[in-house]
Amino acid sequence: MSLKTLLAATAALSLAAPALAEIEIKDAYARAAMPNAKAGAAFMHIVNTGTEDDRLVGAASGIAGKTELHTHIDDGNGIMKMVHVEEGFPIPAGGMHMLKRGGDHVMFMGLKGPMNDGENVTVTLRFEKAGDVTVEIPIDLQRKEGEMKMDGH
């Protein structure tokens, strides 16, 4: 078998192989605390329907100067502090990871304009194995903490 034939066969097999980490984004929404806020955040359920663990390692959006993965931690004195999570968030095979207010979330810093209720923000989520997943996230300034939308958006 020639090298060219072997490479072609390998390429065909790799294209035919199913993705082992398959990511679905559910119940996503974004918000800012005030109309003229300089920062905002996005929250969602990240579901891995695949057979291999994955990890959310980054995010990008044109809405802000910087987009990062953040969480809240107790500083030891009972005060919650927001920190950048450089290593990202694990998404187990067959499981999910919830990005929620007061916990893990996508943080938009240096907003380039207002986050208007009812509009959408485009966010690209970067996963170690699933690659880039781009989602349109509705801005919902009315949503209460812990409230879920039942229509799956």
Side-chain angles (χ1 to χ4, degrees), residues 10-11 14-15 17-149 151-153:
T10 302
S14 67
L15 292 174
L20 298 176
E22 298 175 18
I23 300 298
E24 293 180 11
I25 306 302
K26 297 186 176 198
D27 197 34
Y29 73 102
R31 61 176 283 115
M34 301 174 281
N36 294 324
K38 297 295 180 201
F43 314 98
M44 65 202 75
H45 301 155
I46 302 172
V47 181
N48 182 349
T49 61
T51 58
E52 188 174 321
D53 293 347
D54 206 342
R55 179 176 289 275
L56 175 63
V57 294
S61 178
I63 195 172
K66 188 184 273 189
T67 303
E68 295 179 342
L69 303 177
H70 280 205
T71 196
H72 290 87
I73 59 169
D74 188 326
D75 72 354
N77 297 313
I79 297 172
M80 297 304 284
K81 184 177 177 182
M82 194 175 349
V83 296
H84 178 207
V85 182
E86 292 184 40
E87 70 276 12
F89 308 123
I91 317 296
M96 67 161 271
H97 187 83
M98 193 166 166
L99 303 186
K100 61 183 180 178
R101 289 160 71 175
D104 300 340
H105 58 279
V106 174
M107 187 76 195
F108 307 118
M109 296 172 294
L111 289 174
K112 296 177 180 178
M115 292 182 75
N116 296 315
D117 196 44
E119 293 181 358
N120 287 332
V121 58
T122 302
V123 178
T124 299
L125 303 170
R126 292 191 181 105
F127 295 89
E128 278 183 348
K129 297 180 180 144
D132 288 355
V133 176
T134 300
V135 291
E136 289 292 319
I137 299 177
I139 297 170
D140 186 347
L141 304 179
Q142 307 307 312
R143 191 158 177 177
K144 306 284 189 250
E145 187 174 348
E147 181 180 57
M148 290 181 60
K149 298 287 183 182
D151 62 4
H153 298 297

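Remember, predicted model here, so these are calculated numbers, not experimental data. Sequence positions, counted from 1, serve as the residue numbers for this chain.
Once rounded to the nearest 0.5 Å, the distance linking CG of Asp54 with CD1 of Ile23 reads 4.5 Å. To the nearest 0.5 Å, the span separating NZ on Lys26 from CE on Met96 amounts to 9.5 Å. The structure places CG of Asp74 at 6.0 Å from CE of Met80, a figure rounded to the nearest 0.5 Å.
In this structure, the side-chain hydrogen bond (donor to acceptor under 3.5 Å, both in side chains) partners of Thr71, at least two apart in sequence or on a different chain, are Asp104. With sequence neighbours excluded, no residue forms a side-chain contact (heavy atoms from CB on, under 4.5 Å) with Lys38. In this view, Asn77 and Asp75 satisfy the side-chain contact (heavy atoms from CB on, under 4.5 Å) rule, not counting sequence neighbours. Not a single salt bridge (charged side-chain N to carboxylate O under 4.0 Å, His left out) links Glu128 to another residue, sequence neighbours left out. Considering only residues two or more places apart in sequence or on other chains, Glu136 meets the side-chain hydrogen bond (donor to acceptor under 3.5 Å, both in side chains) condition with Thr122.
Judged by distance alone, with hydrogens and angles left aside, the side-chain atoms of Lys129 form a donor-acceptor pair with the main-chain N or O of Asp53 at under 3.5 Å.
For residues 114-127, every residue pair satisfying the salt bridge (Lys or Arg N to Asp or Glu O under 4.0 Å) rule, not counting sequence neighbours, is listed here: Arg126-Asp132.
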Self-check item: Worked check of side-chain contact (heavy atoms from CB on, under 4.5 Å) between Phe43 and Arg143
Solution: CA-CA 11 Å; Phe43 314 98; Arg143 191 158 177 177; over 6 Å; no
Practice problem: May I have the step-by-step check of side-chain contact (heavy atoms from CB on, under 4.5 Å) for Ile46 and Phe89, ending in yes or no? | Solution: CA-CA 10 Å; Ile46 302 172; Phe89 308 123; 6.0 Å; no
Quiz prompt | Steps toward side-chain contact (heavy atoms from CB on, under 4.5 Å) verdict (Arg55, Glu87) | solution = CA-CA 9 Å; Arg55 179 176 289 275; Glu87 70 276 12; 4.2 Å; yes
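Remark: Asn36 CG is loosely packed, at most 12 non-hydrogen atoms of other residues, nucleotides or ligands lying under 6.0 Å away.
The shortest side-chain heavy-atom distance between Met107 and Lys66 does not fall under the 4.5 Å cut-off. Taking 4.5 Å as the limit, every side-chain heavy atom of Asn48 sits out of range of all side-chain heavy atoms of Phe127. With a 4.5 Å cut-off on side-chain heavy atoms, His97 and Leu56 do not count as touching.
Across His70, Glu68, Met44, a single residue satisfies side chain to side chain contact (heavy atoms under 4.5 Å, CB included) together with Val106, and that is Met44.
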